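Owing to the predicted nature of the structure, the values given are computational and were not obtained by experimental measurement.
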There are 2 protein chains.
Amino acid sequence: MSTSRRRKHSYHHGDLPATLLRAAGKILEEEGVDALSLRELTRRAGVSHAAPYRHFPDRESLLAALAAEGFALLGEAQREAAAAAGLRGMGETYVGFALAHPQRFRLMFGGTVRIARHKALREVATRAFDGLAGALAARSPEAQGARDASIAAWALVHGLAQLLLEGRVAQAARAGRSEARFVSDVLATIRFAAGAPARAAAAVDQSA
Amino acid sequence: MSTSRRRKHSYHHGDLPATLLRAAGKILEEEGVDALSLRELTRRAGVSHAAPYRHFPDRESLLAALAAEGFALLGEAQREAAAAAGLRGMGETYVGFALAHPQRFRLMFGGTVRIARHKALREVATRAFDGLAGALAARSPEAQGARDASIAAWALVHGLAQLLLEGRVAQAARAGRSEARFVSDVLATIRFAAGAPARAAAAVDQSA
DNA sequence: CCTCAATGTTGACAACGTCTACATGACTGT
DNA sequence: ACAGTCATGTAGACGTTGTCAACATTGAGG
């Protein structure tokens with residue numbers, strides 16, 4: 001199971017950053033950000049407690065790398081969904097990602113990591129979204145309304161993801177429907193005003 | 001400035017829980033949840049470091065009380081907005097609350113506090129929302145669509161609040177508009193499908 | 001007035017993030 | 001082949017934190 005990355009009996013590890021991130025990802029999903037300690041990581045990686053500081057200036061920077069992975073994954077999933085399933089599919093994919101990786105999603109948007117302070121993270125996060133919602137609006141730069149609508153669409157799926165994640169949506173509201181079905185139904189209650197949605201959806205479909 | 005709650009030269013404090021929560025609220029807004037330590041609270045309250053344990057079983061429980069305050073405030077603001085400004089006004093109020101109390105909002109929805117484990121919190125949170133979005137749908141229980149639409153509306157404003165809070169909306173998208181104006185414009189791009197919205201809005205207007 | 005339960009204190013413990021000084025050994029230029 | 005450099009890992013320390021157990025104080029009720 002554990003692909004022992006540690007070179008036998010060697011002082012140097014080989015690829016500590018990746019090993020740390022793998023272990024961190026596991027702990028993150030299992031126990032959440034707050035339970036993720038650097039020292040536990042070093043124990044699992046079989047190195048000394050100060051070793052991570054050769055690769056990450058502090059704990060938050062390691063969390064930033066973890067969040068960056070998440071943004072890359074989500075961005076990729078969104079691009080695929082855009083090509084295959086259009087706007088509605090993108091929304092369902094977004095919510096699906098959040099529910100499949102709840103702790104990762106929380107880390108990405110929870111404010112624990114000050115995104116602005118971590119350049120690589122900032123860039124991948126921007127690329128994943130403003131590179132999507134933004135590119136979407138860039139096709140009709142004259143229409144501020146289209147850009148606003150794309151933000152509204154993003155807010156809708158993001159908010160639904162978060163509410164479901166935190167268990168704020170009463171079980172009764174589900175009315176026995178499957179998770180995917182429920183998400184689809186809720187999103188289906190929304191229309192966009194004034195042509196903005198059609199144009200946005202079209203832009204997305206072309207962007208593949 | 002500081003309404004010295006400490007009775008002069010007295011062993012007992014008088015109202016430590018409230019004093020702790022006041023200090024905690026201040027630190028929370030200024031520095032965020034992660035920077036809020038029990039020991040710093042005790043220093044500010046002028047009591048010993050273990051005193052809080054007479055009133056809160058652990059740190060998370062104190063955070064839960066803090067979150068409960070937030071839900072009560074938000075719920076109250078929503079009720080007022082519902083009476084005065086209808087559905088759109090409720091949305092703007094929701095986002096306004098989040099932007100006015102960003103750290104409090106994060107605490108309420110950030111997952112640091114496991115809401116289900118804190119009875120009082122769970123109840124006030126449920127009352128503030130399921131007691132709103134829920135009551136809204138209860139008026140037309142035959143229409144599952146109306147309930148779905150109310151969840152979508154909640155998700156929309158919640159997501160917009162969170163995205164703005166975390167700075168995920170590019171400055172360029174604001175296009176120079178004021179915050180309130182921007183929020184209003186974004187929300188205005190949304191329509192509800194098939195009669196669900198009208199009924200929902202009507203129910204809200206009556207619920208005052 | 002006496003007692004007792006509620007409240008606050010003291011001191012301890014383990015865990016953590018982070019710093020500094022030191023050890024190791026892989027790689028590079030000769 | 002070899003010496004030296006520098007990235008990488010280690011050892012140990014420090015201050016902070018959450019939490020617990022044992023003890024102290026005192027306001028309120030019989």
Rounded to whole angstroms, how far apart are [atom1] on [X] and [atom2] on [N]?
{"X": "A/Glu40", "N": "C/dG17", "atom1": "CD", "atom2": "P", "value": "10 Å"}
{"X": "A/Asp34", "N": "C/dG17", "atom1": "CG", "atom2": "C1'", "value": "15 Å"}
{"X": "A/Asp58", "N": "C/dT18", "atom1": "CG", "atom2": "P", "value": "5 Å"}
{"X": "A/Arg43", "N": "D/dG9", "atom1": "CZ", "atom2": "P", "value": "18 Å"}
{"X": "A/Phe56", "N": "C/dC19", "atom1": "CZ", "atom2": "C1'", "value": "19 Å"}
{"X": "B/Leu16", "N": "D/dT25", "atom1": "CG", "atom2": "P", "value": "19 Å"}
{"X": "B/Leu20", "N": "C/dG8", "atom1": "CG", "atom2": "C1'", "value": "12 Å"}

Just do the salt bridge (Lys or Arg N to Asp or Glu O under 4.0 Å) check on A/Arg117 and A/Glu60 with the steps written out, would you? CA-CA 10 Å; A/Arg117 300 193 188 185; A/Glu60 184 176 335; 5.4 Å; no

Students often get this wrong, so: under 4.0 angstrom with heavy atoms, is B/Arg59 touching a base, only sugar-phosphate, or nothing?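 Counting heavy atoms under 4.0 Å across all strands, the contact made by B/Arg59 is with sugar-phosphate only.
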
First encountered from the 5' end of DNA chain D, between A/Arg39 and A/Ala51: A/Ala51

CD (B/Glu29) and CG (B/Leu66) are apart, to the nearest 0.5 Å, by 8.5 Å

Once rounded to the nearest 0.5 Å, what's the spacing between atom CD1 of B/Ile190 and atom CZ of A/Phe192?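 With rounding to 0.5 Å, CD1 (B/Ile190) is 4.5 Å from CZ (A/Phe192).
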
OP1 or OP2 of D/dA7 under 4.0 Å from side-chain N/O of A/His55: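 No, outside the criterion.
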
Does a nitrogen or oxygen in the side chain of B/Ser48 sit under 4.0 Å from OP1 or OP2 of C/dG8?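 The answer is no; no side-chain N or O of B/Ser48 sits under 4.0 Å from OP1 or OP2.
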
Expected rows: protein N/O vs nucleotides 20-23 of chain D N/O, under 3.5 Å:
| from | atom 1 | to | atom 2 | distance (Å) |
| --- | --- | --- | --- | --- |
| D/dA22 | N6 | B/Arg54 | NH2 | 3.2 |

Hydrogens and angles aside, do A/Gln171 and A/Arg174 bring a side-chain donor and acceptor to less than 3.5 Å of each other?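 No, A/Arg174 and A/Gln171 have no side-chain donor paired with an acceptor closer than 3.5 Å.
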
Any idea how B/Phe129 and B/Trp154 line up, ring-wise: parallel (<30°), tilted (30 to 60°), or perpendicular (>60°)?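 Parallel: the ring planes of B/Phe129 and B/Trp154 meet at under 30°.
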
Evaluate whether atom CD of A/Glu179 has more than 12 neighbouring non-hydrogen atoms of other residues, nucleotides or ligands under 6.0 angstrom away.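 No, not enclosed.
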
Would you check if B/His158 and B/Tyr94 make a side-chain contact, meaning some heavy-atom pair closer than 4.5 Å? yes

